[in-house]
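Atoms considered below: every heavy atom in the structure, side chains included; atoms not considered: hydrogens, waters and symmetry mates. Numbering of residues begins at 1 and proceeds along the displayed sequence. When a ligand or atom number is given, it counts from 1 through the structure's own listing order.
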Amino acid sequence: MNILLTGFEPFGGEVINPSWEVARSLHGQIIAGATVHARCLPTSFSGAPVALTDALAVVRPLLVVAMGQASGRSEVSFERVAVNLIDARIADNAGDRLQDVPVRPGAPDGYFTTLPVKAMRDALRAAGYPAGLSLSAGAFVCNQVFYELQHRLAGSTVRSGFIHLPALPEQAARTQPSVPSMGLAAQVDAVRLALAVALTADARQAVGPDEGAPVS
Ligand code: PCA
(Lines give C-alpha, C1' and ligand atoms only; values in the text may rest on other atoms or scores of the structure.)
Protein backbone atom coordinates (compact mmCIF):
# COMPACT_ATOMS: atom_id res chain seq x y z
CA MET A 1 0.00 0.00 0.00
CA ASN A 2 1.57 3.24 -1.18
CA ILE A 3 0.89 6.94 -0.70
CA LEU A 4 2.18 9.34 -3.35
CA LEU A 5 3.06 12.67 -1.70
CA THR A 6 4.32 15.37 -4.03
CA GLY A 7 5.93 18.76 -3.42
CA PHE A 8 7.28 21.40 -5.79
CA GLU A 9 10.72 22.79 -6.41
CA PRO A 10 11.26 26.43 -5.31
CA PHE A 11 9.84 29.05 -7.70
CA GLY A 12 9.43 32.78 -8.09
CA GLY A 13 12.94 33.59 -6.86
CA GLU A 14 12.68 31.49 -3.67
CA VAL A 15 15.42 29.03 -2.68
CA ILE A 16 13.20 26.66 -0.69
CA ASN A 17 9.64 25.35 -1.00
CA PRO A 18 7.85 24.07 2.13
CA SER A 19 5.90 21.54 0.07
CA TRP A 20 9.03 19.65 -0.96
CA GLU A 21 10.61 20.00 2.49
CA VAL A 22 7.50 18.44 4.06
CA ALA A 23 7.22 15.70 1.42
CA ARG A 24 10.82 14.63 1.72
CA SER A 25 10.63 14.66 5.52
CA LEU A 26 7.84 12.09 5.31
CA HIS A 27 9.43 9.93 2.59
CA GLY A 28 9.62 6.29 3.69
CA GLN A 29 7.38 6.72 6.73
CA ILE A 30 4.55 4.27 7.26
CA ILE A 31 1.22 5.92 7.99
CA ALA A 32 -1.86 3.82 8.80
CA GLY A 33 -0.11 0.84 7.16
CA ALA A 34 0.82 2.65 3.92
CA THR A 35 4.30 3.77 2.82
CA VAL A 36 4.91 7.39 1.82
CA HIS A 37 6.67 7.92 -1.52
CA ALA A 38 7.75 11.55 -1.91
CA ARG A 39 8.34 13.10 -5.33
CA CYS A 40 9.48 16.61 -6.24
CA LEU A 41 7.64 18.06 -9.24
CA PRO A 42 9.19 20.78 -11.41
CA THR A 43 7.38 24.10 -11.10
CA SER A 44 6.74 24.29 -14.82
CA PHE A 45 3.65 23.79 -16.95
CA SER A 46 5.55 21.53 -19.35
CA GLY A 47 7.39 19.47 -16.75
CA ALA A 48 4.95 18.92 -13.90
CA PRO A 49 2.35 16.72 -15.69
CA VAL A 50 5.11 14.50 -17.10
CA ALA A 51 6.65 13.99 -13.65
CA LEU A 52 3.21 13.32 -12.19
CA THR A 53 2.48 10.65 -14.81
CA ASP A 54 5.78 8.97 -14.09
CA ALA A 55 5.22 9.02 -10.33
CA LEU A 56 1.70 7.57 -10.62
CA ALA A 57 2.96 4.74 -12.83
CA VAL A 58 5.88 3.85 -10.58
CA VAL A 59 4.28 4.25 -7.15
CA ARG A 60 0.81 2.87 -7.99
CA PRO A 61 -0.66 4.64 -4.96
CA LEU A 62 -3.95 4.12 -3.13
CA LEU A 63 -3.83 7.77 -2.00
CA VAL A 64 -2.31 10.80 -3.72
CA VAL A 65 -1.77 14.12 -1.98
CA ALA A 66 -0.10 16.86 -4.00
CA MET A 67 1.19 19.89 -2.11
CA GLY A 68 2.40 23.38 -2.94
CA GLN A 69 3.35 26.65 -1.29
CA ALA A 70 0.81 29.44 -0.94
CA SER A 71 2.63 32.49 0.41
CA GLY A 72 0.29 34.72 2.33
CA ARG A 73 -1.88 31.93 3.69
CA SER A 74 -1.60 31.27 7.41
CA GLU A 75 -3.32 27.86 7.44
CA VAL A 76 -2.76 24.42 6.00
CA SER A 77 -5.41 24.68 3.30
CA PHE A 78 -7.30 21.78 1.82
CA GLU A 79 -8.28 22.61 -1.74
CA ARG A 80 -11.79 21.60 -2.84
CA VAL A 81 -11.96 22.43 -6.57
CA ALA A 82 -9.48 22.05 -9.43
CA VAL A 83 -10.35 24.32 -12.35
CA ASN A 84 -9.60 23.77 -16.05
CA LEU A 85 -7.78 27.08 -16.42
CA ILE A 86 -4.20 28.30 -16.54
CA ASP A 87 -3.64 32.03 -16.07
CA ALA A 88 -0.16 32.68 -14.73
CA ARG A 89 0.78 35.94 -13.00
CA ILE A 90 4.50 35.08 -13.11
CA ALA A 91 6.68 32.93 -15.34
CA ASP A 92 7.19 29.32 -14.30
CA ASN A 93 10.66 27.84 -13.81
CA ALA A 94 10.94 27.15 -17.56
CA GLY A 95 10.19 30.80 -18.34
CA ASP A 96 6.63 30.12 -19.58
CA ARG A 97 3.82 32.43 -18.60
CA LEU A 98 0.71 30.79 -20.01
CA GLN A 99 -2.45 32.87 -19.83
CA ASP A 100 -6.13 32.13 -20.38
CA VAL A 101 -5.67 28.58 -21.64
CA PRO A 102 -7.28 25.36 -20.39
CA VAL A 103 -5.27 22.72 -18.53
CA ARG A 104 -6.90 20.18 -20.86
CA PRO A 105 -8.83 21.45 -23.88
CA GLY A 106 -12.32 19.93 -24.05
CA ALA A 107 -12.14 18.37 -20.59
CA PRO A 108 -14.61 19.25 -17.78
CA ASP A 109 -14.48 22.76 -16.30
CA GLY A 110 -13.41 21.41 -12.93
CA TYR A 111 -13.17 18.50 -10.54
CA PHE A 112 -13.87 18.27 -6.84
CA THR A 113 -11.34 16.76 -4.47
CA THR A 114 -11.89 13.15 -3.47
CA LEU A 115 -10.16 13.63 -0.12
CA PRO A 116 -12.26 13.77 3.05
CA VAL A 117 -11.22 17.40 3.47
CA LYS A 118 -13.55 18.32 6.30
CA ALA A 119 -12.44 15.38 8.41
CA MET A 120 -8.82 16.28 7.64
CA ARG A 121 -9.33 19.93 8.58
CA ASP A 122 -11.18 19.03 11.77
CA ALA A 123 -8.46 16.59 12.85
CA LEU A 124 -5.76 19.22 12.36
CA ARG A 125 -7.70 21.84 14.28
CA ALA A 126 -8.33 19.39 17.11
CA ALA A 127 -4.58 18.78 17.28
CA GLY A 128 -3.93 22.54 17.47
CA TYR A 129 -2.79 23.25 13.90
CA PRO A 130 -4.21 26.10 11.80
CA ALA A 131 -6.23 24.50 9.01
CA GLY A 132 -8.99 25.46 6.60
CA LEU A 133 -10.76 24.67 3.35
CA SER A 134 -10.05 26.62 0.17
CA LEU A 135 -12.18 26.99 -2.95
CA SER A 136 -9.33 27.81 -5.31
CA ALA A 137 -5.79 26.55 -5.79
CA GLY A 138 -5.22 29.53 -8.12
CA ALA A 139 -4.46 29.24 -11.84
CA PHE A 140 -0.72 28.46 -11.76
CA VAL A 141 1.18 25.14 -11.69
CA CYS A 142 -0.40 23.91 -8.43
CA ASN A 143 -3.89 24.08 -9.88
CA GLN A 144 -2.63 22.47 -13.10
CA VAL A 145 -1.26 19.49 -11.16
CA PHE A 146 -4.41 19.28 -9.00
CA TYR A 147 -6.57 19.28 -12.15
CA GLU A 148 -4.41 16.68 -13.92
CA LEU A 149 -4.52 14.47 -10.85
CA GLN A 150 -8.30 14.60 -10.50
CA HIS A 151 -8.81 14.13 -14.24
CA ARG A 152 -6.60 11.05 -14.39
CA LEU A 153 -8.05 9.44 -11.28
CA ALA A 154 -11.71 10.35 -11.94
CA GLY A 155 -13.86 7.27 -11.46
CA SER A 156 -11.11 5.30 -9.74
CA THR A 157 -11.05 4.25 -6.10
CA VAL A 158 -7.83 6.22 -5.47
CA ARG A 159 -8.46 9.24 -3.23
CA SER A 160 -6.60 12.35 -4.34
CA GLY A 161 -6.38 16.06 -3.74
CA PHE A 162 -4.24 19.08 -3.02
CA ILE A 163 -2.92 20.85 0.08
CA HIS A 164 -1.47 24.37 0.05
CA LEU A 165 1.05 25.11 2.80
CA PRO A 166 2.07 28.43 4.41
CA ALA A 167 5.56 29.86 3.93
CA LEU A 168 8.38 28.72 6.20
CA PRO A 169 9.64 31.22 8.82
CA GLU A 170 12.90 31.81 6.90
CA GLN A 171 10.88 32.74 3.80
CA ALA A 172 8.61 35.05 5.78
CA ALA A 173 11.64 36.80 7.25
CA ARG A 174 12.70 37.81 3.73
CA THR A 175 9.35 39.26 2.63
CA GLN A 176 8.29 42.86 3.15
CA PRO A 177 5.77 43.11 4.73
CA SER A 178 6.26 39.74 6.38
CA VAL A 179 3.82 36.98 5.30
CA PRO A 180 2.37 34.50 7.81
CA SER A 181 4.47 31.39 8.35
CA MET A 182 4.47 27.97 9.99
CA GLY A 183 7.56 26.04 11.13
CA LEU A 184 8.67 22.96 9.23
CA ALA A 185 8.22 20.53 12.14
CA ALA A 186 4.62 21.65 12.63
CA GLN A 187 3.92 21.42 8.89
CA VAL A 188 5.32 17.88 8.80
CA ASP A 189 3.26 16.78 11.81
CA ALA A 190 0.11 18.35 10.39
CA VAL A 191 0.51 16.66 7.00
CA ARG A 192 1.28 13.30 8.63
CA LEU A 193 -1.99 13.59 10.54
CA ALA A 194 -3.88 14.68 7.41
CA LEU A 195 -2.61 11.61 5.53
CA ALA A 196 -3.70 9.30 8.35
CA VAL A 197 -7.19 10.79 8.28
CA ALA A 198 -7.32 10.61 4.46
CA LEU A 199 -6.65 6.88 4.66
CA THR A 200 -8.99 6.06 7.49
CA ALA A 201 -11.94 8.50 7.40
CA ASP A 202 -15.31 7.04 6.55
CA ALA A 203 -16.01 8.11 2.98
CA ARG A 204 -19.77 8.62 3.47
CA GLN A 205 -19.31 10.74 6.56
CA ALA A 206 -16.40 12.77 5.25
CA VAL A 207 -16.94 13.28 1.51
CA GLY A 208 -19.95 15.15 0.10
CA PRO A 209 -22.18 13.53 -2.53
CA ASP A 210 -20.63 15.50 -5.39
CA GLU A 211 -16.98 15.14 -4.44
CA GLY A 212 -14.94 13.58 -7.24
CA ALA A 213 -17.51 14.31 -9.92
CA PRO A 214 -16.76 16.67 -12.81
CA VAL A 215 -18.01 20.21 -12.27
CA SER A 216 -20.57 20.93 -14.98
N1 PCA B 1 3.10 26.88 -5.48
C2 PCA B 1 2.70 27.37 -6.79
C3 PCA B 1 3.38 26.46 -7.78
C4 PCA B 1 4.40 25.69 -7.01
C5 PCA B 1 4.09 25.97 -5.61
O6 PCA B 1 4.64 25.43 -4.63
C7 PCA B 1 1.19 27.46 -6.95
O8 PCA B 1 0.48 27.70 -5.95
O9 PCA B 1 0.68 27.32 -8.06
Going only through I, L, V, M, F, W and Y residues with side-chain contacts under 4.5 Å, is there a path from Ile31 to Leu124? yes
Taking every heavy atom of Cys142 against every heavy atom of Gly68, the minimum-distance pair comes out as SG-CA, 3.9 Å
- According to the interplanar angle, ranging from 0 to 90°, do the rings of Phe8 and Phe162 count as parallel (below 30°), tilted (30 to 60°) or perpendicular (above 60°)? tilted
- Please walk me through it: do Tyr129 and Met182 pass side chain to side chain contact (heavy atoms under 4.5 Å, CB included)? CA-CA 10 Å; Tyr129 298 112; Met182 186 171 169; 4.0 Å; yes
Given the rule that I, L, V, M, F, W and Y join up when any side-chain heavy atoms are under 4.5 Å apart, are Val58 and Trp20 in one cluster?
no
Pairs under 3.5 Å, N/O atoms on ligand 1 and on the protein: can you put them in a table with the distances?
from, atom 1, to, atom 2, distance (Å)
ligand 1, 1 (N), Gln69, O, 3.0
ligand 1, 6 (O), Asn17, ND2, 2.9
ligand 1, 6 (O), Gln69, N, 2.8
ligand 1, 8 (O), His164, NE2, 2.9
ligand 1, 9 (O), Cys142, N, 3.0

Counting heavy atoms not belonging to Arg125, are there more than 12 under 6.0 Å from its CZ? yes
